[in-house]
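For reference, the structure is listed below as structure tokens.
All values below come from the heavy atoms of this structure, side chains included, with hydrogens, waters and symmetry mates left out. Quantities reported herein were computed from a predicted structural model and do not represent experimental measurements.
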Protein chains: 2
Amino acid sequence: MQSTEFELEKFIPYLLNQAAETSSLAFEKVYKGRYGMLRTEWRVLFHLGLYGRMTASEIGTRAKMHKTKISRAVHRLTERRMVTRARDTDDRRMEHLTLTAKGRAAYEDLSGIAARYEVSLLNGLSRDEVAVLRTALVKLAESKPISFT
Amino acid sequence: MQSTEFELEKFIPYLLNQAAETSSLAFEKVYKGRYGMLRTEWRVLFHLGLYGRMTASEIGTRAKMHKTKISRAVHRLTERRMVTRARDTDDRRMEHLTLTAKGRAAYEDLSGIAARYEVSLLNGLSRDEVAVLRTALVKLAESKPISFT
DNA sequence: CCTTGTTAGTTACAAATCCAACTATTACAA
DNA sequence: TTGTAATAGTTGGATTTGTAACTAACAAGG
């Protein structure tokens, strides 16, 4: 019945979205259920947990998140006493963000669960397949916008 | 400095999100720019274009979209004269959705661009890598929620 | 010093999404 | 029948996100 050869079920951006959504939703239940966090918040938390002290812009560059998202996530995380802010003494536009003990505890908890979740997620895939998947995803994430014909 | 072995840069759900977001944003420019559509709308359009007449629930099941999203997307698509609705005569709760000529034209246009975009997206990957990627994404999309320890 | 431009981060308003309640219709069992 | 439950789809209000304008601080040339 259809006139084109296009197949949605094999269309990579579509598959990416489906896969990303299922895995995100699964993990969202954890940080939302345990700490009432939003996706933006756990991203900020994970970055601070992994890389230590960072500014909001640094997180933005690394996580490819818009600065307003970060601003609001940081606001909520400081309210919950998981993050502290400290003005830079040289350049007083910047703030250095750090996890509090409470924030670090949450990070340790969640990163542990994340690691275990990933194992279960990759259960049906071979070591080689996982390796291919990772490098492919990295390349796709870095791909450039559409150029037309 | 960090205490866990967790690596965000290799964490599959994170990579999936990054890749999905880049490719979605790239393609969003197309359907938004050309037809002023939202993501939910092009999904509905694509399903109707591919599978012909469908009800809202059928689209919901296939696309894993919530019914409210579909309801609103269909509303906007009918406003733009891209979709028509027809009550089922036997079960008058259901509506059968079909593309109009205008809707089909938009679908043909966009699916062509999508196909070409996918080619460019997969440029840096070998045939085998693409195959692995596809099957892996399908499996991940079907994966089940987290089970705790 | 001043002006102009840039960068860090916040805020306000509009747009989109989520969730829960709602209507209308059908199914089915007492 | 009739009462209860299930299903298709819509609507309303709270939550979240996106976009653009904003403040504050610095930079650099004149």
- Query: Got a salt bridge between A:R134 and A:E118, using NZ or NE/NH1/NH2 to carboxylate O under 4.0 Å?
  - Reply: yes
Does B:R80 make a cation-pi contact with B:Y35, if we ask for NZ or CZ under 6.0 Å from the ring centre and within 45° of the axis? no
Between NZ of A:K29 and C1' of C:dC19 the distance, given in whole Å, is 15 Å
When the ring centroid of A:Y107 is compared with that of A:W42, is the distance short of 6.0 Å?
no
Identify the pairs formed between an N or O of the protein and an N or O of nucleotides 9-12 of chain D at a distance under 3.5 Å, and give each distance.
from: D:dG9; atom 1: OP1; to: B:E95; atom 2: N; distance (Å): 3.0
from: D:dG9; atom 1: OP1; to: B:E95; atom 2: O; distance (Å): 3.4
from: D:dG9; atom 1: OP2; to: B:S57; atom 2: N; distance (Å): 2.8
from: D:dG9; atom 1: OP2; to: B:S57; atom 2: OG; distance (Å): 2.3
from: D:dG9; atom 1: N7; to: B:K67; atom 2: NZ; distance (Å): 3.0
from: D:dG9; atom 1: O6; to: B:K67; atom 2: NZ; distance (Å): 2.9
from: D:dT10; atom 1: OP1; to: B:R85; atom 2: NH2; distance (Å): 2.2
from: D:dT10; atom 1: OP2; to: B:S71; atom 2: OG; distance (Å): 2.6
from: D:dT10; atom 1: O5'; to: B:S71; atom 2: OG; distance (Å): 3.4
from: D:dG12; atom 1: N7; to: B:R72; atom 2: NH2; distance (Å): 3.2
from: D:dG12; atom 1: O6; to: B:R72; atom 2: NH1; distance (Å): 3.3
from: D:dG12; atom 1: O6; to: B:R72; atom 2: NH2; distance (Å): 2.7

B:M65 CE to C:dC19 C1', in whole Å, measures 16 Å
In whole angstroms, the gap separating P of C:dG9 from CG of A:L77 amounts to 15 Å
For A:V132, the other hydrophobic cluster members (4.5 Å side-chain criterion, sorted by chain and number) are B:V132
Taken to the nearest whole Å, NZ/A:K69 to C1'/C:dA8 is 19 Å
Quick check on the 6.0 Å ring-centre criterion: do B:F46 and A:Y14 meet it? no
* With a non-hydrogen cut-off below 4.0 angstrom, is B:D90 in contact with a base, only sugar-phosphate, or nothing? -> sugar-phosphate
Taken to the nearest whole Å, CZ/B:R43 to C1'/C:dT17 is 13 Å
From CZ of A:R92 across to C1' of C:dT10 the rounded distance in Å is 16 Å
In whole angstroms, the gap separating P of C:dC19 from NZ of A:K32 amounts to 6 Å
In whole angstroms, the gap separating P of C:dT17 from CD of A:E28 amounts to 15 Å
query = If you group Ile, Leu, Val, Met, Phe, Trp and Tyr by side-chain heavy-atom gaps below 4.5 Å, do B:L110 and B:Y117 land in one group?
reply = yes
